[in-house]
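Each ligand, and each atom within it, is numbered from 1 in the order the structure gives.
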Amino acid sequence: MTTNIGVLVSGRGSNLQSIIDHVESGYLKKVKLSVVISDVKDAFALERAKMHGIDAVFIDPRAYASKMGFEEKIITTLKSYNVDLVLLAGYMRILGSEVIQTYRERIMNIHPALLPSFKGLHGPRQALEYGVKVAGCTVHFVDEGMDSGPIILQSCVPVKDNDTESTLASRILEQEHRIFPEAVKLFTEGKLKLDGRIVLRREN
Ligand code: GRF
């Protein structure tokens, strides 16, 4: 059975690109990138989607009186594409409970830090300022908290003495582009099982 994927974005879309590349290379099988939704009109991620023949939709948050109205539009759009799995790929808003309830355990986020450390914005900057020697990224299911849902995959990278925020962020980004598609593959092949907040690998 094909898994229909909807991707929420706000910016440059390098993680979206990595998912697209992994679909086109055949690494991700039985997957359709059905729609990319952005809350930012000129997000480059929308262009990337169009260049690959994927429907790209801008939903303007300012057109809605409330966050709920905006999110209802997101839900109806995702439903109109029969989306089974939602990816947050650089989506810069905190999702409301309506979307989370509608797609519980079917929303994944990529975060540029080793959770539960350095939640929120600027993961690499927080890691540098704290002085950790290992940094990294996390793919997790999204729950009502901020960057707090069950962890699916993590990858670490060294922090070097001469790192700047930008050198560290790009070392982490390389790993994001590897583990996000891997998590999608595990999900679409039915290999993830949740036991409370623990994500287990099903061997089948
Ligand atoms: C990535 O660092 C991701 O971890 C974070 O936002 C950034 C998005 O980058 N959630 P891109 O738009 O995928 O290039």
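Side-chain contact, R178 with S155: a donor N or O sits under 3.5 Å from an acceptor N or O.
Side chain of T138 to backbone of L115: a donor-acceptor contact under 3.5 angstrom is found.
Contact of the I110 side chain with the L87 side chain is not registered, since no non-hydrogen atoms from C-beta on lie closer than 4.5 Å. Between M92 and L121 there is a side-chain heavy-atom pair separated by less than 4.5 Å.
K185 forms a cation-pi arrangement with Y27, by the criterion of a distance under 6.0 Å to the ring centre and an angle within 45° of the ring axis.
Between H140 and H111, the ring planes lie perpendicular to each other; the angle is over 60°, past the 30° to 60° tilted range.
Around ligand 1 you find R12, G13, S14, N15, G90, I110, H111, P112, E176, each with a heavy-atom distance below 4.0 Å.
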